[in-house]
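Here's the structure we're looking at; comments come further down.
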Amino acid sequence: MDRLDGLNTAQRQAATTLSGPLLVLAGAGTGKTRVITVRMAELIRSGVRPNSILSVTFTNKAAKEMQERSAQLLGKRSKVKPVVTTFHSFCVRVLRQEIELLGYPKKFAICDRGDQESMARTALRDVRVTDKALRPGDLISRISRWKMAGVDESRAADYVDDDRDLLASMAYRKYQRTLRARGAVDFDDLLLLTNKLFDQHPEVLRKYQTMFQHVQVDEYQDTNGVQFDLIESLVREHHNLCVVGDDDQSIYGFRGAEVTHILGFSRHFPTAKTIRLEENYRCTDKILELANNLIKKNKGRHDKTLRANKPNGADVVFKSYPDEQTEAEQVVAEIRYMIAELNVVPRDLAILFRTNEQPRVFETEFRRQRVPYILIGGQSFFDRRETRDLMAYLKTINSQRDEVSMLRIINTPARGIGQTTTEKLLKRALKQGRTLWEVMNDLDGDKDIPAKARGAIGGFCSMIRGYADRMGSEPGNLAEISNDLLKEIDYKYEIERQYKDEGQQIRRSGMLDEFVDTISHYVKQNEKPSLDGFLETTALMGRDEENDKDEQLLNNAVRLMTLHSAKGLEFPRVYMVGMEENLLPHKRSVEGSAKDIAEERRLTYVGITRAQEHLTLTRAKTRMKFGKRKEMIPSRFIMEATFKPEDEPQETVAG
DNA sequence: AAGGAGGGTTTTTTT
DNA sequence: AACCCTCCTT
């Protein structure tokens with residue numbers, strides 16, 4: 001059977017344009033992923049070696065899906081597969097090979113969001129900036145902005161816009177120094193260093209240019225400047241670049257994504273062909289009409305109007321409730337009814353929201369009404385204290401240079417190494433230019449530190465050394481060894497001590513077990529498991545990974561997620577909740593510029609276009625905020641999406 | 001050094 | 001309402 005069967009003209013054209021720069025403007029639900037995978041197959045059919053095709057995505061989930069789809073299409077006959085990877089994994093892959101050229105240690109660590117935050121905290125404290133003047137999160141985003149603009153810590157002072165920038169520029173230096181001392185890189189560095197490598201070492205760039213003769217980028221509207229440079233370098237010689245995206249779905253501006261890259265693609269690559277996919281196969285006419293109405297309000301976009309393929313759809317439903325409790329209660333009740341009485345499958349339902357705080361009420365309701373649900377992304381378990389503690393242990397065991405992790409667990413659970421001692425050690429390390437670990441291992445007969453503390457430090461060090469040996473020599477038993485570690489430090493007791501509530505205790509230890517399961521899952525999945533490898537995988541996966549072990553739950557649960565993590569997905573029935581001013585659009589955007597509002601509008605557009613058959617938009621009239629009840633008014637986007645130009649403005653009739 | 005009480009602050013979105 | 005930080009007592 002022909003792979004091109006069942007593709008419409010535009011899709012077919014996109015899948016068979018095999019060389020030169022190509023821009024595929026693919027609206028929501030137009031079969032974009034299918035086109036990309038068919039195109040890969042077509043490339044291979046035309047004689048291109050599979051492993052010289054590089055497809056880049058933004059999320060692990062997207063990469064995984066594309067891998068599966070292309071494996072299906074290509075069959076299992078060849079062992080050589082096209083390379084499908086995320087930007088970040090691609091960079092890790094390159095840097096693992098070549099990072100020494102940039103003066104970094106070959107075994108560099110990748111720090112996750114939590115590491116970043118603690119480094120930001122210490123950096124701020126060190127330059128004597130109070131939390132009030134500049135928050136850690138704020139510092140991180142400023143640093144990120146500088147990094148993405150190619151401004152390093154020595155030049156940041158020249159790019160200062162306001163007082164906070166000034167403080168941030170000072171903390172930036174400290175932050176970088178900590179990073180270097182740990183032999184670590186942050187997420188931005190992954191991209192940045194790869195770029196630097198390609199810039200400064202043409203022979204390395206040439207190697208990768210030759211390796212990949214064809215490059216495809218998915219969700220191209222989300223590329224930031226650094227990612228653009230990376231891609232541009234790779235295809236500079238052959239220009240075999242196919243980018244697929246939808247400027248109307250650009251929702252990562254806060255991360256430095258530039259719609260201008262997709263808008264200006266043809267200017268950058270003058271020989272580029274542009275193909276539009278406007279035939280929507282996902283949503284009903286009613287849903288699509290709403291989406292089209294809304295997105296028309298945005299200026300400066302590639303004008304396209306999606307055509308619906310599903311006529312006679314059900315009406316979109318709008319509902320309002322007195323408060324967020326009722327909103328959750330009613331929505332869950334409706335869902336429960338549909339599952340019980342209408343044979344609706346839980347996995348066909350999704351609840352989408354703007355902020356990570358919104359799902360809390362829903363979680364309570366789901367549990368109360370006993371409806372299976374799964375919260376995707378959000379404050380998932382990598383952010384929990386217990387998980388973070390164990391992670392810090394593992395990181396310390398993996399590299400004793402990792403001061404940030406070591407400080408987190410040096411006295412957790414309490415083992416008699418208090419604040420005063422720790423500070424002394426740190427001061428000494430700084431003065432002698434040695435690592436904290438070296439100083440700790442050199443305290444024989446030291447009078448400055450009490451014998452009791454010295455004993456505790458000695459015990460800590462030998463414990464870490466012991467586990468480093470064991471985990472190094474029997475990586476196949478990582479999970480079991482981690483359990484031993486937890487027993488040795490008596491973490492269960494720590495939990496009991498910290499949480500008086502018994503239910504809380506059970507849940508917390510359950511989370512730890514869950515985490516150990518993740519480790520054994522990793523060990524099973526990898527041919528050559530190692531502690532280092534585990535840490536890298538978790539750092540790159542971050543939070544968005546749906547743990548495969550919960551497959552059964554996953555297959556039979558209502559999905560709860562933010563609008564951001566819903567991108568690329570589709571569901572037969574969608575609830576968009578919290579359709580209120582200052583929530584969607586978010587307060588920060590309302591207070592910002594028209595550009596910010598435009599992004600919120602796109603976000604809403606993304607949400608609406610997730611729905612295949614049924615869409616319900618709900619809002620609460622009041623909502624708790626900072627412990628106080630606040631009035632909420634309907635989101636402007638409801639008006640914009642439902643207002644028909646031919647409607648005369650209605651006179652209100654009193655009475 | 002450890003633990004508890006009280007006070008102040010906070011809520012965008014993520015690889 | 002939840003969290004973190006600081007200060008105070010043991």
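Chain letters run A, B, ... following the sequence lines, proteins first and then strands; every chain starts at 1.
- Among the heavy atoms of the strands, none lies under 4.0 Å from Arg623(A).
- Taking Tyr172(A) as the reference, Trp146(A) meet the ring-ring contact (aromatic ring centres under 6.0 Å, His included) condition, with sequence neighbours excluded.
- Rounded to whole Å, the distance from CZ on Phe353(A) to P on dT12(B) is 16 Å.
- For Asn356(A), counting side-chain heavy atoms from C-beta on, the closest listed nucleotide (dT13(B), dA2(C), dT11(B)) is dT13(B).
- When the side-chain nitrogen and oxygen atoms of Arg255(A) are compared with OP1 and OP2 of dT15(B), none of them lie within a distance under 4.0 Å.
- Candidate nucleotides dT14(B), dA2(C), dT15(B) were compared by shortest atom distance to the side chain of Arg360(A), and dA2(C) ranks first.
- For Thr355(A), counting side-chain heavy atoms from C-beta on, the closest listed nucleotide (dT14(B), dT13(B), dC5(C)) is dT13(B).
- For Arg135(A), taking side-chain heavy atoms from C-beta onward, the closest of the listed nucleotides dA2(C), dT13(B), dT11(B) is dT11(B).
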Enumerate all atom pairs, one protein N or O and one N or O from nucleotides 1-3 of chain B, separated by less than 3.5 Å.
{"unit_1": "dA1(B)", "atom_1": "OP1", "unit_2": "Gly418(A)", "atom_2": "N", "d": "3.3"}
{"unit_1": "dA1(B)", "atom_1": "OP1", "unit_2": "Thr421(A)", "atom_2": "OG1", "d": "2.7"}
{"unit_1": "dA1(B)", "atom_1": "OP2", "unit_2": "Thr420(A)", "atom_2": "N", "d": "3.2"}
{"unit_1": "dA1(B)", "atom_1": "OP2", "unit_2": "Thr420(A)", "atom_2": "OG1", "d": "2.7"}
{"unit_1": "dA2(B)", "atom_1": "OP1", "unit_2": "Gly416(A)", "atom_2": "N", "d": "3.2"}
{"unit_1": "dA2(B)", "atom_1": "OP2", "unit_2": "Asn411(A)", "atom_2": "ND2", "d": "2.9"}
{"unit_1": "dG3(B)", "atom_1": "OP2", "unit_2": "Arg497(A)", "atom_2": "NH1", "d": "3.3"}

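- In this structure, the side chain to side chain contact (heavy atoms under 4.5 Å, CB included) partners of Thr260(A), at least two apart in sequence or on a different chain, are Glu258(A).
- Taking a cutoff of 4.0 Å between a charged side-chain nitrogen and a carboxylate oxygen, Asp222(A) and Arg255(A) do not qualify as a salt bridge.
- In this structure, the ring of Tyr491(A) has its center no less than 6.0 angstrom from the ring center of Tyr493(A).
- If you take CZ of Arg93(A) and P of dT15(B), they are 22 Å apart, rounded to a whole angstrom.
- One can place CD1 of Ile597(A) at 14 Å from C1' of dT13(B), the figure rounded to the nearest angstrom.
- Distance CG (Leu124(A)) to P (dC5(C)): 12 Å, rounded to an integer number of Å.
- Mapped onto DNA chain B by nearest heavy atom, Gln116(A) and Glu357(A) fall at different nucleotides, with Glu357(A) at the one closer to the 5' end.
- Remark: Arg93(A) is not positioned above the aromatic ring of Phe90(A), lacking an NZ or CZ atom under 6.0 angstrom from the ring centre and at most 45 degrees off the axis.
- A straight line from CG of Leu352(A) to C1' of dT13(B) spans 14 Å, rounded to a whole angstrom.
- At the heavy-atom level, Tyr252(A) lies under 4.0 Å from the strands shown only through sugar-phosphate atoms.
- Distances shorter than 4.0 Å separate some side-chain N or O of Thr562(A) from OP1 or OP2 on dT14(B).
- Rounded to the nearest 0.5 angstrom, Tyr252(A) OH and Lys567(A) NZ are separated by 6.0 Å.
- If you run side-chain hydrogen bond (donor to acceptor under 3.5 Å, both in side chains) between Arg636(A) and each of Glu581(A), Glu580(A), Glu600(A), only Glu581(A) comes through.
- Contact of His586(A) with dT12(B) (side chain to base): no donor-acceptor pair of N or O atoms is detected under 3.5 Å.
- The cationic atom of Arg182(A) (NZ for Lys, CZ for Arg) does not lie both less than 6.0 Å from the six-membered ring centre of Phe108(A) and within 45° of the ring axis.
- Look at CZ on Arg629(A): it is 12 Å from C1' on dA1(C), rounded to the nearest Å.
- We find that CG of Asp218(A) is positioned 15 Å from C1' of dT15(B), with the value rounded to whole Å.
- Per the geometry, CD1 belonging to Ile376(A) stands 12 Å off P belonging to dT15(B), to the nearest Å.
- Across all strands, Phe254(A) comes closer than 4.0 Å to base atoms (heavy-atom distances).
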